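Below you'll find the structure, written out as structure tokens, and then a few comments.
Bear in mind the structure is a predicted one, so any value in this text is a computation, not a measurement. What you see below is based on every heavy atom in this structure, not just the backbone, and it leaves out hydrogens, waters and symmetry mates.
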Amino acid sequence: MQNSEEDITIKEYLQILKDSSPYDFSEYSDNSIYRRIHKVMRDYRLSLNELVAKTKSDQEFVEQIVEAVTVNTTELFRDPSVWVYILQKLLPQFKNNPNINIWHAGCSSGQEVYSNLILLDHLGLLKQSTVYATDISQKVLDQAKKGVYKYRFNLNYIENFNQVLGVNEPKVDFSKYFDINESEDRIVVKDFLRTLPKFMKHDLVQEKLPFYNKFDIIFCRNVLIYFNSGLQSRIIQRFHDNLFPGGSMILGTHEAITGFFKTKFVKNGPVYLKSNVFHFKY
Amino acid sequence: MDYIKSDRNFKLIVLGGSAGSFSVVSKILSQLKPDFKIPLVLSLHRLKHVRSGLVESLSYKSAIEIIEPCDKDKINNNFAYLAPSNYHLFVEFDGTLSLSTEESNNHSRPSIDYTLSSAAYAYRDKTLGILLTGANRDGAQGLKDIADHNGYTIVQDPKTCDIDTMPLAALRLFTPNQILTPDQIVQFLNSLPQ
């Protein structure tokens with residue numbers, strides 16, 4: 001951006017966005033938020049000053065920015081080995097629980113929500129499960145609710161599925177949970193799963209939680225990588241506060257918790273368990 | 001061929017490779033001096049079906065330890081950092097690494113362009129960028145970014161590449177400091193002041 005009229009910085013723009021909308025990206029990780037804002041400027045052919053003007057005057061445009069800035073890549077059973085662990089080690093522990101509360105924080109277009117529901121169904125745990133799924137973007141939530149995904153682009157969904165559920169007896173076929181329509185190039189989640197999750201628009205950074213109950217499992221995969229360290233810690237504290245003792249937090253395979261929180265969770269395979277040890281609040 | 005050496009001081013080496021690069025990277029890592037200090041960041045395309053196992057295969061002969069980093073891990077001397085499967089890997093100003101699951105770039109995640117460009121911005125003239133064999137043009141622009149920020153750039157000699165698309169794409173964009181064979185790349189690295 002060599003334009004001499006560009007007299008504000010992206011940091012200042014994020015402050016303006018914060019002041020004129022409900023959204024605060026100021027504690028997102030610098031490199032990635034700058035990259036995303038530049039992408040928005042390219043896609044909409046706007047200078048930073050034009051972006052500021054539109055942000056202040058057009059609330060609908062702000063929603064589009066939120067959708068463009070947030071990263072919404074997800075897949076069914078991403079990292080199959082993690083899901084094998086969830087299937088074989090984690091979920092079976094809940095088989096005598098009358099209720100299992102699960103929260104997918106930053107669920108994007110829902111693929112991991114359905115991955116989890118499939119495993120719950122496979123273990124006969126669907127009835128006692130309550131599954132909440134939240135995201136900052138309404139657009140991806142609408143997509144998640146529809147449960148419709150591209151077929152050819154996502155052939156790896158079926159490979160991942162088979163790695164998790166097609167190996168051990170009883171083998172399960174993909175078609176138990178999805179209708180495949182090759183001619184229209186789409187796969188659709190079957191209704192008995194699709195209607196179960198409670199999808200809600202929620203900004204993890206800013207808003208109070210939209211539910212009162214505590215959770216047995218919180219999924220938040222590849223969301224924290226877009227936040228700076230301070231914000232990461234606050235969100236992990238939030239998860240910690242909202243887990244039952246012994247509850248599980250599942251992050252992305254290359255997300256780690258550091259410093260103080262290492263004492264508040266015990267890592268078991270790919271799962272962080274809320275430690276029962278008493279700690280003073282800092 | 002002359003003995004290839006350099007006395008420039010680098011703080012970071014970033015290396016990109018795609019099709020055919022496994023054996024080259026493996027050779028470089030296995031022939032580095034065991035006390036090789038300058039951290040290496042490796043952004044290598046993987047076949048979708050063989051997502052795991054790369055770090056183990058490279059580690060088998062490597063002279064230095066290879067890590068698939070977590071988000072916000074610090075870059076330390078004496079280590080090589082390999083972009084984890086299915087993530088983009090970025091070098092940050094504060095000497096840490098960050099990961100992202102953003103859309104593929106040039107059909108690739110990790111994208112070599114992203115890793116190389118981020119290193120160019122963060123480490124500027126202290127960056128050494130190396131681009132190896134590959135069947136795709138990802139990496140060419142990132143290597144040019146390193147050159148544009150006064151870093152040092154090496155492209156693998158296309159004659160020695162399994163597939164020369166990637167080095168040729170870089171050579172069409174700009175002229176690197178060196179065009180070297182894998183053996184010369186090893187010589188060059190081992191000659192660097194540590």
Regarding A:R221 and A:D79, does a basic nitrogen lie under 4.0 Å from an acidic carboxylate oxygen? yes
So which residue, B:T96, B:L99, B:D73, ends up with the most heavy-atom pairs under 4.5 Å with chain A? B:L99
If I measure from the heavy atoms of chain A, does B:S98 come under 4.5 Å with its side chain, its backbone, both, or neither? neither
If one checks every heavy atom of A:S81 against chain B at 4.5 Å, the contacting part turns out to be neither
Could you tell me which portion of A:S29 (side chain, backbone, both or neither) has an atom closer than 4.5 angstrom to a non-hydrogen atom of chain B? side chain
Between B:L189 and the options B:I154, B:L29, B:I28, B:I38, the side chain to side chain contact (heavy atoms under 4.5 Å, CB included) test singles out B:I28
Closest-packed option against chain B by number of heavy-atom pairs under 4.5 Å, given A:T258, A:N72, A:T253: A:T253
Are A:R78 and B:Y87 in a cation-pi contact, defined as NZ or CZ under 6.0 Å from the six-membered ring centre and within 45° of the axis? yes
Can you say whether A:F227 sits under 4.5 Å from chain B via the side chain, the backbone, both, or neither, judging by heavy atoms? backbone
Roughly how far apart are A:D203 CG and A:D135 CG, rounded to 0.5 Å? 9.5 Å
side-chain hydrogen bond (donor to acceptor under 3.5 Å, both in side chains) with A:Y23: which residues, sequence neighbours excluded? A:E63, A:K201
